[in-house]
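The block underneath contains the structure these notes are about, expressed in structure tokens.
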Amino acid sequence: MCGRPIQALANARSTLKSASAGDKPKGAQGVARASTAGISAEMPSRVDNRDESPNGASKPAVLRTVRPTLTEVELTELPVAKWHEQFEARCLPVHLHIRTAQEASDLLDDLHAMRPELPWALEQLFTLHALLFVLERMVKPTQSHSHQSSLFMGYHTRLAVEGVRGQARSLLEDKLALTDDSSAYWERLMETADFLRKKMLTEDKTLDCFSALYTSLWLNWLGPSSAGNTQLYAEELRKLKTAEAELGIALSRLPWTLAQCLLLLYLTRDEEAQTLLAQSGGKLMLKPEHLTPLLGVLERSEQWGRLRDWLAAIGPLLSGFRGEDLTPYGDYWATVVTHLPDAESVMWPTLHAMLPFSRAIYEDALAAHGRWDRWIDLQMCMGQEPLLFRVTVLKPVEKDAPELLLPFYHQAVERYVLQKNRDGYKAATKLLKRLAKLYARLKKAERWEQFLAAFVSRNSRLRALQEELRKGGLLS
């Protein structure tokens with residue numbers, strides 16, 4: 001509680017709420033923080049309100065703390081650290097801890113009240129830092145009282161954090177409106193990168209708050225604005241590497257590693273980035289979503305050859321993830337092969353080597369490319385039951401390669417019969433009826449009759465099976 005007793009904070013909050021309901025003039029809604037951090041030093045801290053009363057007596061002076069505002073010149077010339085000091089000076093005691101979305105919204109509104117009319121690029125930067133200030137207010141108390149393995153954040157606070165972070169990411173996804181006239185803001189932009197890097201590298205691994213915004217900053221504002229500026233990328237990479245020695249065990253290694261990979265990607269040093277991931281990927285517990293930003297850079301720039309190589313390189317790192325987790329990875333392969341058909345020669349062995357984890361995306365790829373022989377082999381190896389598939393899934397196989405379904409269905413029929421129960425016999429009969437249609441489509445009616453006669457004779461002692469075959473119209 002920053003050294004303040006709980007009762008004092010509660011009383012302060014009650015006093016402020018009572019004051020806001022009263023008849024106070026605008027700008028005097030609460031008690032401001034003492035320091036203005038050297039900004040707007042000319043602002044008075046005392047206002048003389050000696051209005052004449054009806055009887056001619058003057059009212060006593062009213063002491064009022066003036067809450068700071070900023071000018072465009074200050075925002076342009078002063079570093080962003082001073083912006084945050086001024087945000088701090090603007091805060092009221094009720095802003096000491098932000099725990100809900102409403103409290104976060106109230107603080108944001110108050111910070112925007114100190115903003116003058118600004119050029120769009122500078123307004124974007126101001127808004128971003130206001131959001132970052134609110135995020136820090138919500139996250140810092142949680143991190144400062146937690147052990148790295150036992151971070152706890154209340155449900156409503158977590159929702160509020162996600163909401164503010166979402167606003168910041170949406171802002172970063174809009175193009176930064178830098179023009180020749182707004183080049184003076186570039187220094188503020190680089191200070192923003194420094195601010196986010198510092199927060200990211202000491203962030204608790206379960207939060208993914210400032211690290212996500214650091215990545216968005218380089219993906220959307222700094223990356224496109226600095227295309228080809230290898231010196232800028234190299235300098236940021238140097239700062240990241242220096243941080244390892246400076247922070248020691250306090251370093252958050254997952255975002256630190258991913259940030260280096262992004263810079264190496266911009267510098268077209270792909271092998272270094274892939275080696276870095278391969279060496280530390282297992283320890284960092286990489287997830288597919290962590291690598292999506294890297295792949296997205298190559299997709300947007302339509303560098304299909306590099307994207308193919310990246311997909312092949314990170315495939316082994318994703319073994320252990322299944323289903324929806326790997327869906328984006330499979331989608332990237334589909335996109336690459338569309339633009340670079342020769343990439344199939346790399347895709348198939350990569351996906352095959354990732355089995356059984358890559359099964360879903362491997363099946364989708366086989367189906368998309370009409371590789372029905374491999375698709376059927378995969379189903380049989382996995383012991384899949386034909387009756388579990390929707391008709392729409394098997395219909396393309398029946399149309400393009402119906403003969404491939406014969407062994408798939410025959411093996412399943414034998415498994416159903418071996419269950420030696422009524423449900424198994426019903427399933428076998430249902431599948432035998434499908435087999436009859438397949439043989440008819442293939443114009444092999446004689447072969448079907450031979451098979452059915454042998455099947456009935458072989459299982460003549462299974463009376464329940466015989467009953468189900470009669471019900472299904474397979475026996476007279």
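Computed from a predicted model, the values in this text were never measured in an experiment.
No salt bridge links Asp309 with Arg306; every basic N to acidic carboxylate O contact stays at or beyond 4.0 Å. A salt bridge between Glu103 and Arg137 is absent, with no side-chain N of the basic residue lying under 4.0 Å from a carboxylate O of the acidic one. With salt bridges taken as basic N to acidic carboxylate O contacts below 4.0 Å, one links Glu363 and Arg359.
Note: Arg308 CZ to Asp342 CG = 8.5 Å, rounded to the nearest 0.5 Å. Atom OG1 of Thr192 sits about 7.5 Å away from atom CG of Leu132, to the nearest 0.5 Å. Distance check: Leu284 CG to Gln279 CD gives 11.0 Å after rounding to the nearest 0.5 Å. The OG atom of Ser211 lies 13.5 Å from the NZ atom of Lys199; values are rounded to the nearest 0.5 Å. Atom-to-atom distance recorded for His129:NE2 and Leu196:CG is 7.0 Å, nearest 0.5 angstrom. Distance check, rounded to the nearest 0.5 Å: CD of Glu88 to CD of Glu136 gives 8.5 Å.
Judged by distance alone, the side chain of Tyr266 and the main-chain N or O of Trp218 form a donor-acceptor pair under 3.5 Å. Proximity of a side-chain donor or acceptor of Trp256 to a complementary backbone N or O of Leu240 within less than 3.5 Å is detected. Formation of a donor-acceptor pair under 3.5 Å by the Tyr409 side chain with backbone atoms of Leu431 is not found in this model. No donor-acceptor pair under 3.5 Å is formed between the side chain of Glu468 and the backbone N or O of Tyr425. Side chain of Arg188 to backbone of Thr76: a donor-acceptor contact under 3.5 angstrom is found. Between the side chain of Gln124 and the main chain of Lys175, a donor-acceptor pair closer than 3.5 Å is present. At least one donor-acceptor pair closer than 3.5 Å links the side chain of His339 to the backbone N or O of Thr335. Within the 3.5 Å criterion, the main-chain N or O of Ala101 finds no donor-acceptor partner in the side chain of Ser105. A distance-only check finds a donor-acceptor pair linking the side chain of Asn229 to the backbone of Leu232 [under 3.5 Å]. The backbone N or O of Leu131 sits nowhere less than 3.5 Å from a side-chain atom of Gln167 that would complete a donor-acceptor pair.
No more than 12 heavy atoms of other residues, nucleotides or ligands lie within 6.0 Å of NZ in Lys287, so this atom counts as exposed by the packing criterion. More than 12 heavy atoms of other shown residues, nucleotides or ligands fall within 6.0 angstrom of atom NE2 in His112. Heavy atoms of other residues, nucleotides or ligands lying less than 6.0 angstrom from NZ of Lys239 number more than 12. Within a 6.0 Å sphere centred on CD of Glu414, heavy atoms belonging to other residues, nucleotides or ligands number more than 12. Summarising the local packing, CZ of Arg169 is surrounded by 12 or fewer heavy atoms from other residues, nucleotides or ligands at distances under 6.0 Å. Around atom CD of Glu235, more than 12 heavy atoms belonging to other residues, nucleotides or ligands sit under 6.0 Å away. More than 12 heavy atoms of other residues, nucleotides or ligands sit less than 6.0 Å from atom CZ of Arg415.
Of all the heavy atoms in Ile98 and Met138, the pair that sits closest is O-CG, 3.3 Å. The two residues Trp333 and Ala343 come nearest to each other via the heavy atoms CZ3-O, 4.1 Å. Annotation for Met347 and Ala365: closest pair CE-CB, 4.4 Å, computed over non-hydrogen atoms. Between Thr127 and Arg115, the shortest heavy-atom contact is OG1-NH1, 4.1 Å. Minimum interatomic distance between Asp373 and Leu404 (heavy atoms only, all atoms of both residues): N-CD1, 3.5 Å. Glu385 and Phe408 get closest at one heavy-atom pair: C-CZ, 4.5 Å.
Using a 4.5 Å heavy-atom threshold, the side chains of Tyr362 and Met354 count as separate. With a 4.5 Å cut-off on side-chain heavy atoms, Leu394 and Gln379 do not count as touching. The shortest distance between side-chain heavy atoms of Glu74 and Lys82 does not fall below 4.5 Å. Between Lys198 and Phe210 there is no side-chain heavy-atom pair separated by less than 4.5 Å. For the pair Pro255/Glu203, no side-chain contact is recorded, criterion being any heavy-atom separation below 4.5 Å from C-beta on. Contact annotation: the side chain of Tyr329 never approaches that of Pro288 to less than 4.5 Å [non-hydrogen atoms, C-beta and beyond]. Annotation: side chain of Leu286 is not in contact with side chain of Thr257 (no heavy-atom distance under 4.5 Å). Side-chain contact between Glu344 and Arg371 is present, with at least one heavy-atom pair separated by less than 4.5 Å.
Applying the side-chain hydrogen bond (donor to acceptor under 3.5 Å, both in side chains) test to residues at least two apart or on different chains, none of the pairs has a partner in residues 389-398.
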Working for side-chain contact (heavy atoms from CB on, under 4.5 Å), residues Thr350 and Leu311: CA-CA 9 Å; Thr350 301; Leu311 291 170; over 6 Å; no
Intermediate values then yes/no, ring-ring contact (aromatic ring centres under 6.0 Å, His included), Phe195 and His84: CA-CA 11 Å; Phe195 178 92; His84 283 256; 4.6 Å; yes
Salt bridge (charged side-chain N to carboxylate O under 4.0 Å, His left out) between Asp377 and Arg374, intermediate numbers included: CA-CA 5 Å; Asp377 286 344; Arg374 294 189 183 182; over 6 Å; no
Audit row: Leu262, Leu219, side-chain contact (heavy atoms from CB on, under 4.5 Å) steps and yes/no: CA-CA 9 Å; Leu262 179 59; Leu219 286 176; 3.9 Å; yes
From CA spacing to verdict: side-chain contact (heavy atoms from CB on, under 4.5 Å), Lys430, Lys426: CA-CA 6 Å; Lys430 187 175 182 179; Lys426 288 180 178 180; over 6 Å; no
From CA spacing to verdict: side-chain contact (heavy atoms from CB on, under 4.5 Å), Leu291, Leu277: CA-CA 10 Å; Leu291 302 174; Leu277 287 173; 3.9 Å; yes
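For Ser301, the side chain to side chain donor-acceptor pair (under 3.5 Å) criterion is met by Gln303, not counting sequence neighbours.
Between Trp83 and Phe126, the ring planes are tilted. Angles from 30° to 60° get that label.
In this structure, the ring of Tyr185 has its center no less than 6.0 angstrom from the ring center of Trp221. Two rings, from His410 and Phe451, have their centers less than 6.0 Å apart.
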